[in-house]
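Notes follow the structure.
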There are 2 protein chains.
Amino acid sequence: MTFDPTALNTREACVAADRADPLSGFRDEFALPEGVIYLDGNSLGALPRAAGERAREVLAREWGEDLIASWNTHHWFELPVRIGEKIGRLIGGHGGGCVATDTTSINVFKALAAALRLQREDRPERRVIVSERENFPTDLYMAEGLIEILDDGYELRLIDDEAGLEASLSDEVAVVMLTHVNYRSGRMWEMDRVTRLVHEAGALIVWDLCHSAGAVPVDLTAASADFAVGCTYKYLNGGPGSPAFIWAANRHLPRVEQPLSGWWGHRAPFDMAVGYAAAEGAAKFLCGTQPILSLATMEVGIDIALRADPEALREKSLALTSLFIALVEERLAAHPLTLITPRDSEHRGSHVSFRHPEGFAVMKALIAEGVIGDYREPEVLRFGFTPLYVGFADVWDAVEAFRRVLDEELWRAPEFAVRGAVT
Amino acid sequence: MTFDPTALNTREACVAADRADPLSGFRDEFALPEGVIYLDGNSLGALPRAAGERAREVLAREWGEDLIASWNTHHWFELPVRIGEKIGRLIGGHGGGCVATDTTSINVFKALAAALRLQREDRPERRVIVSERENFPTDLYMAEGLIEILDDGYELRLIDDEAGLEASLSDEVAVVMLTHVNYRSGRMWEMDRVTRLVHEAGALIVWDLCHSAGAVPVDLTAASADFAVGCTYKYLNGGPGSPAFIWAANRHLPRVEQPLSGWWGHRAPFDMAVGYAAAEGAAKFLCGTQPILSLATMEVGIDIALRADPEALREKSLALTSLFIALVEERLAAHPLTLITPRDSEHRGSHVSFRHPEGFAVMKALIAEGVIGDYREPEVLRFGFTPLYVGFADVWDAVEAFRRVLDEELWRAPEFAVRGAVT
């Protein structure tokens with residue numbers, strides 16, 4: 001089916017669209033609280049109902065009863081490779097290897113270090129890493145830490161937009177690191193075209209898929225990408241801080257070396273050999289012992305994502321974000337809201353952000369009304385639309401709540417002015 | 001009370017000692033399977049009964065109901081610092097700062113990089129890292145990876161024993177990295193004396209406490225240690241792969257820099273600033289988003305450890321290991337078993353290892369008899385004694401099972417010869 005956002009101009013039409021939604025069955029697989037419209041799955045995905053049972057099983061049966069034997073009998077040791085292979089299927093990773101491990105930050109360090117090392121062999125004079133000023137900061141922080149420890153004249157250059165990227169691609173550039181969908185604006189890079197440009201300039205690319213995996217179509221193999229990293233706790237619903245992933249193309253893997261060379265990445269970890277010898281394939285990205293309870297439980301979310309048709313997900317995601325933009329601009333036209341997410345669906349991820357001069361208080365008031373989005377400095381209201389469990393009537397109701405908050409100036413209540421930690 | 005292992009020469013005497021044990025109440029806090037004597041808590045600690053409820057709460061209530069708000073309302077973001085402070089109390093860490101985060105391997109990298117960096121300022125010519133050939137391999141692998149990326153003439157020198165350590169302490173040595181209790185032999189370094197020797201030689205020390213924390217007395221502050229790392233899934237019963245910890249002395253913390261500079265270690269992570277600025281104190285060792293389900297559940301094990309009297313733990317641990325050694329040597333004297341753990345209690349951790357030419361098959365046969373220890377190459381049978389839940393009658397019964405396996409040659413059964421992954 002094809003959704004026409006312009007036809008969804010009444011709540012009844014939205015309810016009807018939900019009934020006709022081929023993905024509607026997924027909503028019952030998630031335990032969302034009553035009375036809440038959850039538009040923050042781009043920050044922390046919702047709890048799959050089956051996750052509780054899986055966690056109970058890992059604790060009571062695997063850890064509690066089978067104890068140390070579970071490393072083998074329940075395949076704990078293999079989880080990073082097994083789940084990584086599944087994540088690989090979600091991101092077009094068949095032309096490479098993927099493991100689920102550690103955090104996105106740590107994996108950025110590994111991928112960037114590996115890419116720079118390849119370039120040091122192939123194009124030894126290149127010393128520039130290009131990234132975006134608007135990238136999620138941890139990617140830039142990890143690049144800083146790597147540059148500092150390499151102490152070899154590397155430099156991080158930040159671009160602001162696509163023109164800036166193209167202008168930056170000189171023969172000094174070793175690696176380009178971009179986040180496919182921007183965490184704040186929701187803007188999406190054209191992965192195929194950008195990867196081609198980067199390769200034409202003799203550079204390698206590291207894609208951060210944190211706001212892409214499970215939400216927008218990604219085909220790393222078709223794009224001929226070099227490296228990718230990402231998290232599993234947003235659109236993949238893996239649970240708070242569930243382990244991240246890292247992927248590299250098969251053409252690079254045999255030569256890849258990464259500095260966080262711990263025993264899980266060793267060719268034969270239980271030989272307890274004194275010298276390090278990297279495993280084959282993506283397993284060489286593994287390092288230390290993984291948090292099994294978080295890792296095993298997260299597989300439930302990955303398995304749900306694998307059952308969803310990616311085209312249907314994308315179609316619904318765009319319909320939800322288009323509808324949200326249209327309704328906000330139509331029904332909240334009197335208020336100082338500025339859309340910072342691309343209208344062009346080719347460049348839009350699965351969340352929508354508006355700037356408002358009182359963004360912080362507005363978001364707090366909206367949450368008090370039962371619509372959970374989040375706030376990002378400066379003045380950005382962010383609304384995520386996970387097509388697995390957000391419906392069209394949710395969008396309608398969220399916009400109505402948004403309208404009440406602004407029309408009735410509910411955000412002026414003193415309790416919404418207090419700044420605390422916001423995640 | 002004081003245990004006298006030589007008086008425990010009947011099963012009845014062991015049962016009586018269990019009744020008199022001031023720590024006996026802790027056993028019921030763990031869910032150990034019926035009919036099993038668990039002597040592998042030095043590899044994976046047992047399940048605290050309260051962990052299931054805590055995990056359920058984190059999943060169903062915090063993640064499921066309160067969703068993204070839990071980062072603040074349930075203090076998810078603060079867990080590494082809060083739990084790290086608790087672990088600090090267990091290891092005499094008041095003269096420094098401790099956080100619970102990432103894996104031991106990753107934390108070895110951070111501690112070693114930070115220590116080398118301090119030395120590069122203070123004693124810039126030093127380029128040697130000293131460690132033990134018998135160290136747990138991942139510590140050596142991480143040092144290798146760090147040396148490679150530093151690419152600045154660093155060298156890893158491995159020593160074999162205390163004499164080797166003393167001989168190694170030249171003015172070329174920047175950092176010494178030792179594991180306090182050896183994973184295979186159970187041999188324990190004298191932390192005070194060794195730290196003093198290392199300091200006298202102008203070097204810094206990184207202690208790995210994986211086989212110490214929760215099992216033997218550790219006072220990093222009294223020893224004037226520089227850095228420490230360790231895991232929480234052995235004697236601290238945090239659960240499979242639960243996050244590790246890292247500690248640094250207060251005198252170093254203000255100058256400490258570590259290369260895995262992710263957003264959780266930033267001074268103001270939610271400012272989303274482009275440049276990295278490290279947090280104060282041990283929080284600068286944080287990097288990426290942590291696996292909350294594993295982290296929060298692990299706190300249950302830490303809280304149990306905090307309630308146990310460390311002197312009583314040590315006294316019982318030594319009594320258990322002494323009894324095991326005495327009974328094995330007395331009742332299994334006819335068999336080719338070689339004790340590789342120090343008899344001298346000053347140099348013994350909380351596990352005991354014997355070499356046997358058919359060690360692999362013997363351990364498999366013993367596990368089939370309900371006594372769970374583990375096997376480490378080459379030919380080493382390893383038995384861990386967690387004083388919180390192992391009793392004297394367990395030791396008696398384990399030795400009797402061990403005797404049956406050897407006297408009746410149960411280990412010769414063909415199924416015990418098959419080598420698979422052993423953890």
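Residue numbers start from 1 in every chain, and the chains themselves are labelled A, B, ... in the order their sequence lines are given, proteins ahead of strands.
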### Task
Go through B:Leu67 and A:Asp40 one step at a time and tell me if the side-chain contact (heavy atoms from CB on, under 4.5 Å) criterion holds.
CA-CA 9 Å; B:Leu67 287 155; A:Asp40 211 2; over 6 Å; no
### Query
How many angstroms lie between atom CE of B:Met272 and atom CG of A:Asn135, to the nearest 0.5 angstrom?
11.5 Å
### Message
Could you measure the distance from the CD atom of B:Glu257 to the CD1 atom of A:Ile149? Nearest 0.5 Å is fine.
### Response
11.0 Å
### Message
Nearest 0.5 Å, please: how far is OH in B:Tyr276 from CG in A:Leu140?
### Response
13.5 Å
### Message
Which atoms of B:Arg133 are under 4.5 Å from chain A, going by heavy atoms: the side chain, the backbone, both sets, or neither?
### Response
both
### Query
So what's closer than 4.5 Å to chain A heavy atoms on B:Arg49: side chain, backbone, both or neither?
neither
### Message
Can you tell me which portion of A:Phe30 sits under 4.5 Å from chain B's heavy atoms? Options are side chain, backbone, both or neither.
### Response
neither
### Query
Measuring heavy-atom distances to chain A, does B:Leu59 have an atom under 4.5 Å in its side chain, in its backbone, in both, or in neither?
both
### Query
Backbone N or O of B:Gly262 within a donor-acceptor pair of the A:Thr138 side chain at under 3.5 Å?
no
### Query
What are the residues of residues 289-297 of chain A, in order of number, with any heavy atom under 4.5 angstrom from a heavy atom of chain B?
A:Thr289, A:Gln290, A:Pro291, A:Ile292, A:Leu293, A:Ser294, A:Thr297
#### Entry: Side chain / backbone / both / neither for B:Ala273 at chain A, heavy atoms under 4.5 Å
both
### Query
What part of A:Leu158 gets closer than 4.5 Å to chain B, counting heavy atoms only: side chain, backbone, both or neither?
side chain
### Summary
Whatever's closer than 4.5 Å to a heavy atom in chain B on A:Leu146 counts as both
### Message
Using side-chain heavy atoms (C-beta onward) and a distance below 4.5 Å, is B:Phe109 in contact with A:Ile106?
### Response
no
## Note on the structure
Of A:Ala46, A:Gly52, A:Gly238, A:Ala31, the largest count of non-hydrogen pairs under 4.5 angstrom with chain B goes to A:Ala46
### Query
Is chain B contacted by the side chain of A:Gln258, its backbone, both, or neither, given a heavy-atom distance below 4.5 Å?
neither
### Task
Let me know if B:Tyr183 has heavy atoms under 4.5 Å from chain A in its side chain, its backbone, both or neither.
side chain
